[in-house]
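Keep in mind that what you see is a predicted model, and the values were worked out from it rather than measured.
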2 protein chains.
Amino acid sequence: MARYEHIAGELRDAIIRGDHPIGTQLPTEAELASRFNAARGTVRQAVAVLVAEGLVGTRQGARRIVLGSERSQSFAELHSFAQWARSVGHQAGGLVLDSHRRPSTPSEAVRLAITPGEEVLVVVRLRRLDGEPVLVERTVYANWIAPAVEKLDPACESVTQELYEAVGLVFAYGEHLIDAVAAGAEDARLLGVRRGSPLLRQRRTTTSQEGRPVECSDDRYRAGSVTFSIRNSTTANSLVRRAGD
Amino acid sequence: MARYEHIAGELRDAIIRGDHPIGTQLPTEAELASRFNAARGTVRQAVAVLVAEGLVGTRQGARRIVLGSERSQSFAELHSFAQWARSVGHQAGGLVLDSHRRPSTPSEAVRLAITPGEEVLVVVRLRRLDGEPVLVERTVYANWIAPAVEKLDPACESVTQELYEAVGLVFAYGEHLIDAVAAGAEDARLLGVRRGSPLLRQRRTTTSQEGRPVECSDDRYRAGSVTFSIRNSTTANSLVRRAGD
DNA sequence: TAAAGCAACTTGTACAAACAAGCGAGACCA
DNA sequence: TGGTCTCGCTTGTTTGTACAAGTTGCTTTA
């Protein structure tokens, strides 16, 4: 592990442990540098990690301040329903309801960076959390990954993990659009809610390490089952609000 | 403006302009350094900005890749409905429907880091976008800022801006929980939708520069009016998914 | 022909030094 | 008393250097 990651970990633990309560000041860079016997730049890099996690606030001239003390979960959760579920102590399940190929629509072609009409693989999955159906996933896979997807077990728990083990594919980057929609007839039936009841919708496009789009998906969560949590600050944010589209 | 910010801006413009199309490689650090006549460290800092914005993907050993070409909007939007609206070319409006003091509930006390029962100011606002009601804000302000809030114009367009101008308060940090809920009777009446129709809910807690909680709020958007957009990557993320709470 | 391995290239980590810029508290002055 | 000013402290920016580690394509080898 890198030196700065180690220092970041120590500081994070200290904050979570309560050594640095919320609202109090963190030690200065100089002090941390001497304590960890590292250069100031290395300490800055470590603290930057905590700032990015939203645990620490920083502004020029003033000592840094502890903002939170909850461990923020790592990325994979956002793409892997199963891994997220496990990390919060729940059991994920999945079931493929439909899987077929068809020509891509123009909008899908744009999102997947392919030529319109090129064949894609459409998969509809119902996801459960501790047995309860909570999520309908309608995913469109680009043609080049379709064969590997079709080979997956229909009841496969973690698509992300299986694809990584099978072909070394990593879902490295994602763009997400989040809004609320009313449940359609199929949504309602699958999730066991009334038609028109609120669902949390997440439309995402996922990209491989090399920047190649892999899939785009329309995921709908039953209201009350899942909450997205985001931290932001005036310096460095990754969240944007957009007009409906 | 700092040197690295300038370089980041130049690169961002070049990407948006299409000089570096999506999926292509960015110039190497060495080349950028010589082009901008800056040290490698400075270039790295510049690129880090774009990586944080989700425009560029990076991994050790390989050239950096352009992932997106849309300008990501700056932070203020997330707290300031008005400034966000203006930036996307719409006109924001606001109207205070109710404003009164009452003792804080235990949960509010925790979120605002005050003693339970301490008085808070509750404000209900209806927000419009180009005349259309799109958002009901139910905000709870900590006592220490309440006087300044009460002095605001009830039809005030940007609370954020007014409070900054009045008392120099900056909404520096925020934590946000996003989910979907059904419209209650009051929500439905105010937003002009049917009871039970889907709303996008954003519960937030906002903190001042000094790390002092200022307000917590329950904001509900009419479905279709607003979409949250998030970019993430395996390295460095700020988004977390949580079980319903 | 296909796998293994090497070599050049590129990004990541770490250290050191110097100056810039913002903050906060105490000193000073009206 | 109340405001202003200055000075020390702390974080932000920039440069330079050296080495570590991952990627990629080419070469070598079986």
Side-chain angles (χ1 to χ4, degrees), chain A residues 1-11 20 23-52 55-67 164 168-170 172-173 208-212 233-236, chain B residues 1-11 20 23-52 55-67 164 168-170 172-173 208-212 233-236:
Chain A
M1 193 187 350
R3 201 122 157 64
Y4 79 91
E5 287 178 305
H6 173 252
I7 297 175
E10 294 278 315
L11 286 175
H20 304 293
T24 61
Q25 296 181 334
L26 226 52
T28 66
E29 291 179 358
E31 190 185 327
L32 291 174
S34 80
R35 181 190 304 175
F36 290 104
N37 196 28
R40 191 182 153 218
T42 307
V43 169
R44 282 182 66 77
Q45 214 169 340
V47 174
V49 172
L50 304 185
V51 171
L55 255 48
V56 170
T58 184
R59 60 195 167 119
Q60 189 174 70
R63 294 275 290 272
R64 294 196 176 87
I65 290 173
V66 179
L67 295 174
Y164 174 67
L169 178 68
V170 176
Y173 308 106
S208 74
Q209 277 186 327
E210 298 80 21
R212 199 172 182 191
S233 72
T234 41
T235 59
Chain B
M1 192 185 357
R3 202 119 156 64
Y4 79 91
E5 286 178 305
H6 174 251
I7 297 174
E10 294 278 315
L11 285 175
H20 303 293
T24 61
Q25 297 182 332
L26 227 52
T28 66
E29 291 179 355
E31 190 185 327
L32 291 174
S34 79
R35 182 189 306 174
F36 290 105
N37 197 28
R40 190 182 155 219
T42 306
V43 170
R44 282 182 67 76
Q45 217 169 337
V47 175
V49 172
L50 304 185
V51 171
L55 254 49
V56 169
T58 183
R59 61 192 167 122
Q60 190 174 74
R63 294 274 289 271
R64 282 187 252 261
I65 289 173
V66 179
L67 294 174
Y164 174 68
L169 178 68
V170 175
Y173 309 105
S208 74
Q209 277 187 326
E210 298 81 21
R212 200 174 183 188
S233 73
T234 42
T235 60

One pair to check against side chain to side chain contact (heavy atoms under 4.5 Å, CB included): Arg63(B) and Leu26(B). What are the steps and the verdict?
CA-CA 7 Å; Arg63(B) 294 274 289 271; Leu26(B) 227 52; over 6 Å; no
With the side chain counted from C-beta on, respond yes when Val47(A) and Glu29(A) share a heavy-atom pair under 4.5 Å apart, and no when they do not.
no
Hey, mind stepping through Val49(B) and Glu5(B) against side chain to side chain contact (heavy atoms under 4.5 Å, CB included) and telling me if it holds?
CA-CA 8 Å; Val49(B) 172; Glu5(B) 286 178 305; 5.9 Å; no
Excluding sequence neighbours, so at least two apart, what forms side chain to side chain donor-acceptor pair (under 3.5 Å) with Arg3(B)?
none
Start and end of the DNA chain C segment that chain A contacts, any atom under 4.0 Å from a heavy atom
dT13(C) to dG24(C)
Rounded to whole Å, CE of Met1(B) lies from C1' of dG12(D) at a distance of 16 Å
Arg63(A) atom CZ is separated from dG12(D) atom C1', nearest whole Å, by 16 Å
Would you compute the distance between atom CD1 of Ile65(A) and atom CZ of Arg59(A) and round it to the nearest 0.5 angstrom?
6.0 Å
Rounding to a whole Å, what distance do you find between Leu26(A):CG and dT11(D):P?
9 Å
Give a yes/no on whether any side-chain N or O of Thr28(A) is located under 4.0 angstrom from OP1 or OP2 of dC9(D).
no
If you look at every strand shown and take non-hydrogen atoms under 4.0 Å, does Arg40(A) touch a base, only sugar-phosphate, or nothing?
base
Residue pair Leu11(B), Val56(B): steps toward the side chain to side chain contact (heavy atoms under 4.5 Å, CB included) verdict
CA-CA 10 Å; Leu11(B) 285 175; Val56(B) 169; over 6 Å; no
Measure CZ/Arg44(A) against P/dT10(D) and give the value in whole Å, please.
14 Å
Evaluate the side chain to side chain contact (heavy atoms under 4.5 Å, CB included) criterion for residues Leu55(B) and Val66(B): first the C-alpha distance (whole Å), next the side-chain angles of each, then the deciding distance (0.1 Å), finally the verdict.
CA-CA 6 Å; Leu55(B) 254 49; Val66(B) 179; over 6 Å; no
Distance, nearest 0.5 Å, that separates OH of Tyr173(B) from CZ of Arg212(B):
15.5 Å
Return the polar atom pairs (N/O with N/O) between nucleotides 20-22 of chain D and the protein under 3.5 Å, or none.
unit_1  : atom_1 : unit_2   : atom_2 : d
dA21(D) : O3'    : Gln60(B) : OE1    : 3.3
dG22(D) : O4'    : Gln60(B) : OE1    : 3.1
dG22(D) : N2     : Gly61(B) : O      : 3.2

When the distance from CD of Gln45(B) to C1' of dT11(D) is rounded to whole Å, what number comes out?
13 Å
Within this structure, what is the CD-to-P distance between Gln25(B) and dT23(D), rounded to whole angstrom?
14 Å
Could you check how far CD of Glu29(B) sits from C1' of dT15(D), rounded to whole Å?
15 Å
Would you compute the distance between atom OG1 of Thr58(B) and atom CZ of Arg44(B) and round it to the nearest 0.5 angstrom?
7.5 Å
Starting at CZ of Phe36(B) and ending at C1' of dT15(D), how long is that distance when rounded to a whole Å?
17 Å
Once you apply a heavy-atom cut-off of 4.0 Å, does Ala30(B) come out as touching a base, just sugar-phosphate, or nothing?
nothing
Assign each of Thr42(B) and Glu210(A) to its nearest nucleotide of DNA chain D by heavy atoms, then name whichever residue's nucleotide is nearer the 5' end.
Thr42(B)
On DNA chain C, check which nucleotide each of Arg64(B) and Gln209(B) is closest to and give me the residue with the more 5' one.
Arg64(B)
